[in-house]
Amino acid sequence: MGATVVTITSGKGGVGKSTTTANLGIALAKLGKKVVLIDADIGLRNLDVIMGLENRIVYDLVDVVEGRSKLRQAMIKHKQFPDLYLIPAAQTRDKTAVSPADMIQICNKLRDEFDFIVIDSPAGIERGFRNAVAPADRVLIVTNPEVSAVRDADRVIGLLEAENKGPGEIILNRLKMNMVKKGEMLSAHDVTDILGIAIIGIVPEDELVIPASNSGVPVTLNDQSRAGIAFNNIARRLTGENVPLMKLEEHTGFFQRLARFFGGS
């Protein structure tokens with residue numbers, strides 16, 4: 001059957017898209033899956049830093065497309081997981097160096113060898129977005145529970161429909177329950193009402209995420225991190241497991257209400 005290509009995208013920058021990509025890659029590898037991550041954010045790569053692989057880059061995605069490197073030469077093996085690889089983005093080129101057809105061809109060459117190909121899309125809705133979604137079997141849209149981010153996610157949903165890649169699924173990142181309870185932040189229910197598509201995961205605000213990303217050790221590897229647990233659960237859902245959404249707050253009725261809304265998944 002070959003690999004499932006999962007593109008991680010967003011309409012707005014700074015919502016945690018690359019962090020999500022890195023953590024889902026680690027989480028899938030922990031489940032025993034063969035995974036390759038592709039950084040499609042040409043000119044602004046940072047997935048290598050989050051993965052702790054920045055010092056091991058020799059060739060990048062554009063080198064492969066332009067024939068200076070074979071695909072295997074550009075693939076960097078993770079230090080801890082032998083079946084997890086990264087193909088980094090080029091830092092000195094722009095997004096026009098790669099086409100949607102190039103991305104489809106690269107993914108087709110990888111499908112037989114891997115279980116999952118996870119693509120980190122650049123933020124926004126221009127050429128880089130089209131490159132990243134062209135080979136996708138599933139698209140996960142990362143958004144924060146704030147009006148501007150959700151509005152941008154809504155634009156992405158419309159573009160996915162136009163590309164016949166919709167409707168996509170939402171990862172709601174950096175949810176703060178205390179602010180939701182005060183009415184200062186959108187709830188998961190609010191977001192699904194606005195966007196009209198399913199949530200595949202809710203990641204709570206977690207102070208461990210930033211230092212983990214800066215150190216090159218994604219938070220998914222920290223069993224004490226609630227965000228890490230959430231990313232692990234999203235990975236399990238991607239493999240077909242029926243995993244309930246994390247209980248974010250005791251004794252508020254929030255989780256029960258959310259579970260009813262999504263049928264407990």
Side-chain angles (χ1 to χ4, degrees), residues 8-24 27 46 50 120-125 129 139-160 166-215 218-220 222-235 237 243-265:
I8 312 295
T9 190
S10 68
K12 186 178 190 294
V15 297
K17 179 176 43 56
S18 294
T19 298
T20 297
T21 303
N23 278 288
L24 288 183
N46 57 23
I50 299 171
D120 185 17
S121 170
I125 56 175
F129 168 82
V139 180
L140 308 185
I141 305 162
V142 181
T143 189
N144 297 151
E146 56 186 64
V147 172
S148 61
V150 172
R151 181 178 61 188
D152 288 341
D154 190 47
R155 292 187 68 196
V156 170
I157 292 167
L159 290 169
L160 291 176
E169 300 160 278
I170 291 292
I171 294 176
L172 187 58
N173 193 31
R174 304 190 68 178
L175 186 74
K176 300 179 184 179
M177 276 308 303
N178 60 328
M179 293 184 67
V180 172
K181 288 167 68 177
K182 294 176 185 176
E184 297 172 349
M185 177 175 277
L186 296 174
S187 69
H189 198 139
D190 294 332
V191 172
T192 52
D193 276 351
I194 294 167
L195 297 179
I197 65 173
I199 288 180
I200 191 172
I202 300 172
V203 182
E205 178 69 39
D206 188 334
E207 62 184 11
L208 297 174
V209 171
I210 292 176
S213 296
N214 289 339
S215 66
V219 75
T220 311
N222 185 343
D223 292 337
Q224 305 303 312
S225 166
R226 300 200 79 196
I229 293 169
F231 285 126
N232 282 316
N233 286 343
I234 294 168
R237 294 183 190 109
V243 184
L245 291 169
M246 182 188 297
K247 189 171 183 178
L248 296 176
E249 189 77 12
E250 298 289 344
H251 309 306
T252 64
F254 172 83
F255 179 75
Q256 290 79 8
R257 189 165 66 251
L258 197 61
R260 285 197 300 273
F261 186 77
F262 290 114
S265 61

What's the shortest heavy-atom distance between [X] and [Y], and which atoms?
X      : Y      : result
Ala188 : Ile202 : CB-CD1, 3.7 Å
Ser187 : Val180 : CB-CG1, 3.7 Å
Gly14  : Asn144 : O-OD1, 4.0 Å
Glu205 : Arg174 : OE1-NE, 2.9 Å
Ala227 : Pro204 : CB-O, 4.0 Å
Asn46  : Ser18  : OD1-OG, 3.1 Å

Would you say [X] and [Y] make side-chain contact, with heavy atoms under 4.5 Å?
X      : Y      : result
Arg155 : Ile157 : no
Val15  : Val142 : yes
Leu175 : Val203 : no

Test side-chain hydrogen bond (donor to acceptor under 3.5 Å, both in side chains) applied to [X] - qualifying residues, sequence neighbours left out:
X      : result
Asn233 : Arg236
Thr143 : none
Glu146 : Ser148
Asp154 : none

Please report the interatomic distance [atom1]([X]) to [atom2]([Y]), rounded to the nearest 0.5 Å.
X      : Y      : atom1 : atom2 : answer
Glu207 : Ser225 : CD    : OG    : 10.0 Å
Glu184 : Met179 : CD    : CE    : 5.0 Å
Leu172 : Ile141 : CG    : CD1   : 12.0 Å
Asp223 : Ile229 : CG    : CD1   : 7.5 Å

Among residues at least two apart in sequence or on other chains, which ones pass side chain to side chain contact (heavy atoms under 4.5 Å, CB included) with [X]?
X      : answer
Ile200 : Arg138, Leu140, Glu169, Ile171, Ile234, Arg237, Leu238
Ser213 : Thr19, Ile50, Val209
Asn232 : Ala27, Lys30, Thr220
Ile210 : Asn214

Exercise. Can Thr192 and Leu195 be said to form a side chain to side chain contact (heavy atoms under 4.5 Å, CB included), step by step?
Worked result: CA-CA 5 Å; Thr192 52; Leu195 297 179; over 6 Å; no
Exercise. For the side chain of Asp206 and the backbone of Arg226, is there at least one donor-acceptor N/O pair under 3.5 Å apart?
Worked result: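 Yes, because the side chain of Asp206 sits within donor-acceptor range (under 3.5 Å) of the backbone of Arg226.
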Exercise. Does the Lys17 side chain pair with the main chain of Ile8, one donor and one acceptor, at a distance under 3.5 Å?
Worked result: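 Not a single qualifying donor-acceptor pair exists.
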For this session: Tell me, with the steps shown, if Ile194 and Leu186 meet side chain to side chain contact (heavy atoms under 4.5 Å, CB included).
Result: CA-CA 10 Å; Ile194 294 167; Leu186 296 174; 4.3 Å; yes
For this session: Determine whether the side chains of Thr20 and Asn23 contain a donor N or O and an acceptor N or O closer than 3.5 Å.
Result: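 No.
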